[in-house]
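A short worksheet on the structure shown next.
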Amino acid sequence: MRFISCHVIGSMTSRSRGVGGNAVIKEGSVTQRRAAATLGVFVIDRDGLQVLLILKRVITIIFLEKTRQVAPEMENRSTKGRVVIKDEWPGYSLKLFTYPEHYHEDVESVYIPHGVIMDRIERLARHIMEDISDQNIMVLCVLKGGYKFCCDLVEHIKAIGRSADKYLETRVEFIRLKSYLNDQSTEDLQIIGSQDLSFLRGKNVLIVEAIVDTGKTINALLKHVEAFEPKMVKVTALLVKRVPNMVENLPDYVGFEIPNRFVVGYALDYNEYFRDLNHICVISEVGKKKYKI
C-alpha cells in the first residue's frame, strides 16, 4: 500500500464553500470517493485504501482550526480545559455529511461532527483516568440525553485501562431528569423514577451529563447526590452552553463550550426527536415548529 499525499485545498474561512470546496479522490473506489465527499476534503491515495483512516483526523484538525482551544489563562474555569466554539461558528453544511432523511429541513447545520465528538471523549477519558487512577468509580448517567456520551466514555475508560494494565472497576447507574419544555429550560427539575441513591454512599461518583447551560439542573442534582454521602463527586459534561447567568463553576471535565444555540443529536433531543442523529446539529425553525408540543 503506497500513500502519496493527503491535503486540504481551499479557503478554511469561506463559509460559502463549506469546509474547503469540493472533494476529490484519485484512484479510489466509488464508495471511497463518496466518503471523502462527505467531509469535503481533497485526498489523493494511489491504492484508495488509506482514505477512511485519514479522514477522521483531517476533519478533527479542520474543526479545531476553525474553532479554538481554550486559552491557558481561561483554564481556571475548568480543571482540564475544554474546546471553545466561537459565537460566529456556523457549523458545517449538511451537504458534507450523511444524516437521516426524515430530518430534511429540520436541522440547519452539522455543528460538531461525530468523529470530533469521539476524539474529544477519548481525551476526557484520559483526564478522568489520570485523576482517578486505580480507584473504583460509580458512574451516574443522566438520562436520556447522556446515554450515548456515557456509553462511549465508559468504553474509552475501559480501553485505556486495558492498554495501561490498570483495571478501573466501573459500575454504571442511571437517573432520569426532566427540566425542558420545547427549547426552554424550566425552573422545575423532575427526577423521574426512584430518588433513593443510597447505593452511592462511600463511593467515588462520576456524574455524566450531556449538556449544562444555566447549571441549575446539575447543581440541584449535585445537592441530591451529596445528601447520600458519597466519598467523592466529579461531574463531566460533553457540552457547556454560554448563556446569561452561566454557571460559575463548570463541571470538572468539559468536552466543548458552545454558544447559546439549541443543538440536537448524539442523544440530545427536542421533545424526544433527533436522538438518532450521530452528529450534534443545530435545529432549524422548521424543526422547532414541526415537533413543538
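One-based numbering along the sequence shown.
- Not a single donor-acceptor pair under 3.5 Å links the side chain of Ser109 to the backbone N or O of Ser93.
- Closest heavy-atom contact between Leu200 and Val225: CD1-CG1, 3.8 Å.
- Checked by atom type and distance alone, the side chain of Arg261 never pairs as donor or acceptor with a backbone atom of Asp87 at under 3.5 Å.
- Taking CD1 of Ile211 as the start and CG of Leu238 as the end, the distance is 8.5 Å to the nearest 0.5 Å.
- Aromatic ring pairs are classed by plane angle as parallel below 30°, tilted from 30° to 60° and perpendicular above 60°; the pair His279 and Phe97 is perpendicular.
- One finds a salt bridge joining Arg126 and Glu122 here, because a Lys/Arg side-chain nitrogen approaches an Asp/Glu carboxylate oxygen to under 4.0 Å.
- The neighbour count for His102 NE2, taken as heavy atoms of other residues, nucleotides or ligands under 6.0 Å away, is above 12.
- Checking Val254, Leu206, Ile121 one by one against Thr236, the side chain to side chain contact (heavy atoms under 4.5 Å, CB included) holds for a single residue, Leu206.
- With rounding to the nearest 0.5 angstrom, the OH atom of Tyr111 is 13.0 Å from the CD1 atom of Ile117.
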Could you give me the CA-CA distance, side-chain angles and deciding distance for Leu239 and Ile280, then say whether side chain to side chain contact (heavy atoms under 4.5 Å, CB included) is met? CA-CA 10 Å; Leu239 305 176; Ile280 292 177; 4.0 Å; yes
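- Across all their heavy atoms, Cys281 and Leu277 have their closest contact at SG-CD1, 4.2 Å.
- Panel note: side chain Asp252, backbone Val235; a donor-acceptor pair is recorded below 3.5 Å.
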Derivation of the side chain to side chain contact (heavy atoms under 4.5 Å, CB included) call for Val116 and Phe256: CA-CA 10 Å; Val116 177; Phe256 304 89; 3.9 Å; yes
Under the side chain to side chain contact (heavy atoms under 4.5 Å, CB included) criterion, do Val107 and Ser284 qualify, and how do the steps go? CA-CA 5 Å; Val107 290; Ser284 67; 5.7 Å; no
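- Taking NZ from Lys234 and NE2 from His127, the interatomic distance works out to 12.5 Å, rounded to the nearest 0.5 Å.
- Scanning both residues, Ile207 and Leu221, for their nearest heavy atoms gives CG2-CD2, 3.9 Å.
- A salt bridge does not link Lys290 with Glu105: none of the charged nitrogens is closer than 4.0 Å to a carboxylate oxygen.
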Which atom pairs, one a donor and one an acceptor, fall under 3.5 Å between side chains of residues 147-156 and the rest of the protein, sequence neighbours left out?
unit_1: Lys148; atom_1: NZ; unit_2: Asn278; atom_2: OD1; d: 3.4
unit_1: Asp152; atom_1: OD2; unit_2: Tyr266; atom_2: OH; d: 2.5
unit_1: Glu155; atom_1: OE2; unit_2: Lys158; atom_2: NZ; d: 3.3

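- Note on Val286 and Val282: separate hydrophobic clusters, where clusters join Ile, Leu, Val, Met, Phe, Trp and Tyr whose side-chain heavy atoms are under 4.5 Å apart, directly or indirectly.
- Asn260 places no side-chain N or O within donor-acceptor distance of the main-chain N or O of Arg242, the cut-off being under 3.5 Å.
- Nearest approach of Gly145 to Ala210, heavy atoms of both residues: O-CB, 3.3 Å.
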Would you please test Phe228 and Phe199 for side chain to side chain contact (heavy atoms under 4.5 Å, CB included) and show each step? CA-CA 8 Å; Phe228 294 94; Phe199 55 84; over 6 Å; no
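- Panel note: side chain Arg120, backbone Gly255; a donor-acceptor pair is recorded below 3.5 Å.
- One distance of note links CD of Glu229 with CZ of Arg201; it measures 5.5 Å at 0.5 Å rounding.
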Take Lys288 and Glu285 through the test salt bridge (Lys or Arg N to Asp or Glu O under 4.0 Å) and record every step on the way to the result. CA-CA 5 Å; Lys288 288 180 182 180; Glu285 291 301 318; 3.5 Å; yes
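- Counting heavy atoms from C-beta on, the side chains of Pro100 and Asp276 come closer than 4.5 Å.
- With values rounded to the nearest 0.5 angstrom, Leu197 atom CG is found 12.0 Å from Glu226 atom CD.
- Between Leu94 and Val110 there is a side-chain heavy-atom pair separated by less than 4.5 Å.
- When the shell of 6.0 Å around CZ of Arg123 is examined, it contains 12 or fewer heavy atoms from other residues, nucleotides or ligands.
- Aromatic ring centres of Tyr291 and Tyr273: separated by under 6.0 Å.
- Side-chain contact annotation: Tyr253 with Asp131, donor-acceptor N/O pair under 3.5 Å present.
- From Arg82, atom CZ reaches atom CD1 of Ile258 across 13.0 Å, with rounding to the nearest 0.5 Å.
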